[in-house]
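In what follows, a structure is listed as structure tokens, so that the remarks can point back to it.
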Amino acid sequence: MLSNKRIQELELVMDFEKVEECFKEVSSWIENVGRKRLKETINLDDSLEMLLQAQKQFREFDLVASEYCRRGQEALKKMDRWEDFSSVDVHSYRVKLQTYKDQLEDFCTQLDENRHRICETVRLYEFFDKVRQSICCMEEGVKS
């Protein structure tokens, strides 16, 4: 049984090394591209027109970012079996795996929050634009 467990651990290490390339690629994209683009969406413009333009640009980024999140999550699923192993030999791999998992979860959460914030901001600006137009129409009716 001990021998079988050791063989399984070695297989997991080999699997990790195959999947690690995907982790590295996703991690690199998150740090070099993704986080920078998310920071750009912190300050949204004050006009509805500029906000709609920012939303369009964010949607294009969101498609790419969501694909990286999906790829990272698929790679993590392949490594679910690590939970069953606690030997010292696989500990360093578990630490790396947890680091990738934390980074991916943090980025995906920020992406979701920004997506929601931009959508809600656009809805709010559209509402205020309609209210402003209604007030203008009412003022014109009163003047007539």
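For clarity, every value in this text was computed on a predicted model and none was experimentally measured.
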Which pairs of donor and acceptor atoms, one on a side chain in residues 48-60, lie under 3.5 Å apart (sequence neighbours left out)?
none

With a 3.5 Å distance limit and no angle check, can you tell me whether T41 reaches the backbone of L38 through a side-chain donor-acceptor pair? yes

A side-chain contact here means heavy atoms from C-beta on lying under 4.5 Å apart; do D15 and K78 qualify? no

For the CZ atom of R115 and the OG atom of S66, what is their distance to the nearest 0.5 Å? 4.5 Å

Nearest 0.5 Å, what's the NZ-CD distance between K101 and Q73? 10.5 Å

Looking at side-chain heavy atoms only, is the closest gap between Y93 and E17 below 4.5 Å? yes

Between atom NZ of K39 and atom CD of Q110, what is the distance when rounded to the nearest 0.5 Å? 9.0 Å

Any chance you could measure N4, atom CG, to E11, atom CD, to the nearest 0.5 Å? 9.5 Å

For the pair W29 and Y68, name the ring-plane relationship: parallel under 30°, tilted 30 to 60°, perpendicular over 60°. parallel

Side chains of L76 and V19 in contact at under 4.5 Å (non-hydrogen atoms): no

Side-chain ion pair, R71 and E25, N-O less than 4.0 Å: yes

Could you give the distance from CD (E31) to CZ (F107), rounded to the nearest 0.5 Å? 9.5 Å

Any carboxylate oxygen within less than 4.0 angstrom of a Lys/Arg side-chain nitrogen, looking at D106 and R35? yes

Hey, are Q98 and D102 close enough side-chain-wise for a donor-acceptor pair under 3.5 Å? yes

Should K24 and Y100 count as side-chain neighbours, where that means a heavy-atom distance under 4.5 Å? yes

Could you tell me whether R37 and E40 make a salt bridge, using a distance below 4.0 angstrom between a side-chain N and a carboxylate O? yes

I'd like to check the side-chain hydrogen bond (donor to acceptor under 3.5 Å, both in side chains) partners of S28; sequence neighbours left out, ordered by chain and number. N32

Could you give the side-chain donor-acceptor pairs of residues 122-131 under 3.5 Å, partners two or more places apart or in another chain?
{"unit_1": "R123", "atom_1": "NH1", "unit_2": "E120", "atom_2": "OE2", "d": "3.0"}
{"unit_1": "D129", "atom_1": "OD1", "unit_2": "R132", "atom_2": "NH2", "d": "2.6"}
{"unit_1": "D129", "atom_1": "OD2", "unit_2": "Q133", "atom_2": "NE2", "d": "3.3"}

In one Ile/Leu/Val/Met/Phe/Trp/Tyr side-chain cluster, 4.5 Å: V33, L111: yes

Are side-chain heavy atoms of K96 and E20 found at a separation under 4.5 Å? yes

Under a 4.5 Å cut-off applied to non-hydrogen side-chain atoms, are L104 and F23 in contact? no

